[in-house]
Amino acid sequence: MKFFIDTADVGEIRELADTGLLDGVTTNPSLVAKSGRDFFEVLEEICALVPGPVSAEVTGTDSQTMIAEGRALAKLATNITVKVPLTVDGLKACKVLTAEGTMVNVTLCFSAAQALLAAKAGATFISPFIGRLDDLSQDGLGLIADIVQIYAAYPQIETEVLVASVRHPLHVVEAAKMGAHVATLPPAVLKAMFKHPLTDKGLDAFLKDWEKTGQSILDRAGKGKGANAA
Ligand code: E4P
C-alpha cells in the first residue's frame, strides 16, 4: 500500500518525507487555505520534496475552466496530479487531461457508482472519503470493499483506489486488508501508526538492561574486532 500525506503544510511534509515512507501528497483547497500560503509556491516546494504524485485541486466548476486550470497546474512539475471533483464536468475534464498524459485524481467520491464512472473516465486515482461517510453513520470502509471488488472484476481498469478522509490507523489497516492501492493520511494518523505502548515499554527495558552490561556497539566496532574496517 502506498502512503500519501494529506496536508499542505510544507514543514510537516519535510519532517515526514525524512522517514523515507512517503509515496505522495494530497492537498485540497481547505488545506491550502489552512496553510495561509500562495498555492503555486506551496506546490513547487512540495513537488521538490516528494518525487511521487502531488495532488493539486482545480477550483473551476465547468469542464473548460477545470481543463485550463489543470493544464496550468500540470506545468508546475512532472509529479503534479490534477484533482477534479466527481461531477459531470469534473469527469469530462478528467478524460481530456488524462488523454494529454496528466495524472488525474477524482475526488469527493461517496459511492461505488461514482467510482465506476471515474474509472471509465480514465482517472489515475479515485478518492473515496471514508471518514465523512462514517460521520453520517454510513460504512466508509464498506465503500472501499465495494470499489476494490468492482475494479478487480475488470482487469482493464487501471484506476487506483486512494482511500481519503482517513481518521485513524484502523482505517488504514482495514483498507490495506482489502487491497486498496493508496491511503492518504493526515500527519497525525501517520505518526500514530508508529506507536504502540508495548514498543515503548519493551525498548525502555532493553536499553536499561544494555546499560548494565557497560558495552557499546560502536566502540567495539571501532576497536576492529568484528568490524568490517581492516
Ligand atoms: C483527500 O484528498 C482529501 O484532501 C481529504 O482526505 C479529506 O479529508 P477530510 O474529510 O478529513 O477533510
Side-chain angles (χ1 to χ4, degrees), residues 1-10 12-13 16-17 21-37 39 42-43 46-47 49-50 52-60 66 69-70 73-74 76 79-87 90-91 93-94 97-98 102-111 114-115 118-119 121 123-144 147-148 159-176 178 180-193:
M1 183 181 232
K2 287 177 266 190
F3 289 156
F4 290 0
I5 196 84
D6 195 29
T7 181
D9 182 327
V10 177
E12 288 204 281
I13 294 168
L16 291 165
L21 300 177
L22 279 198
D23 299 301
V25 178
T26 52
T27 68
N28 65 37
S30 304
L31 293 170
V32 174
K34 194 171 156 199
S35 80
R37 297 195 48 204
F39 187 29
V42 167
L43 288 174
I46 297 175
C47 288
L49 277 173
V50 180
V54 174
S55 287
E57 190 157 341
V58 299
T59 52
M66 288 188 209
E69 289 179 344
L73 291 167
L76 281 177
N79 53 334
I80 285 282
T81 300
V82 174
K83 212 173 177 189
V84 300
L86 210 154
T87 59
L91 293 191
C94 173
L97 292 166
T98 302
T102 298
M103 291 186 286
V104 177
N105 175 0
V106 177
T107 190
L108 290 167
C109 170
F110 293 94
S111 78
Q114 290 180 317
T124 317
F125 301 104
I126 180 67
S127 289
F129 277 35
I130 63 172
R132 294 192 193 186
L133 281 172
D134 289 356
D135 290 345
L136 297 183
S137 301
Q138 294 185 23
D139 183 6
L141 281 166
L143 174 60
I144 300 301
I147 299 172
V148 168
T159 306
E160 295 195 6
V161 180
L162 193 169
V163 184
S165 189
V166 167
R167 299 279 159 80
H168 46 73
L170 198 54
H171 269 157
V172 185
V173 172
E174 291 300 321
M178 293 166 191
H181 307 85
V182 193
T184 188
L185 313 174
V189 174
L190 181 54
K191 287 178 187 171
M193 287 176 69

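Counting convention: from 1, in listed order, for ligands and their atoms alike.
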With a 4.5 Å heavy-atom cut-off, do [X] and [Y] have their side chains touching?
{"X": "Asn28", "Y": "Thr107", "answer": "no"}
{"X": "Leu91", "Y": "Leu86", "answer": "yes"}
{"X": "Thr7", "Y": "Ile13", "answer": "yes"}
{"X": "Ser165", "Y": "His171", "answer": "no"}

Measure the distance from [atom] to every protein heavy atom, then report the residue, atom name and distance (to 0.1 Å) of the closest one.
{"atom": "atom 12 (O) of ligand 1", "result": "Arg132 NH2, 2.8 Å"}
{"atom": "atom 4 (O) of ligand 1", "result": "Asn28 ND2, 2.7 Å"}
{"atom": "atom 2 (O) of ligand 1", "result": "Lys83 NZ, 2.7 Å"}
{"atom": "atom 7 (C) of ligand 1", "result": "Phe129 CE2, 3.6 Å"}

Atoms in ligand 1 with a heavy atom of [X] nearer than 4.0 Å:
{"X": "Ala164", "answer": "1 (C), 6 (O)"}
{"X": "Asp6", "answer": "1 (C), 2 (O), 3 (C), 4 (O), 5 (C), 6 (O), 7 (C), 8 (O)"}
{"X": "Thr26", "answer": "2 (O)"}
{"X": "Arg167", "answer": "10 (O), 11 (O)"}

Minimum-distance pair of heavy atoms, taken over all atoms of Ile126 and Asn105
C-OD1, 4.4 Å

Glu69 (side chain) donor-acceptor with Gly60 (main chain) under 3.5 angstrom:
yes

Applying the side-chain contact (heavy atoms from CB on, under 4.5 Å) test to Arg167, which of Asp135, Val172, Leu185 qualifies?
Asp135

Please confirm whether [X] comes within less than 3.5 Å of ligand 1 when only nitrogen or oxygen atoms on both sides are compared.
{"X": "Asn105", "answer": "no"}
{"X": "Thr107", "answer": "no"}
{"X": "Ser165", "answer": "yes"}

Measure the spacing between NZ of Lys83 and OG1 of Thr124 and express it to the nearest 0.5 Å.
13.5 Å

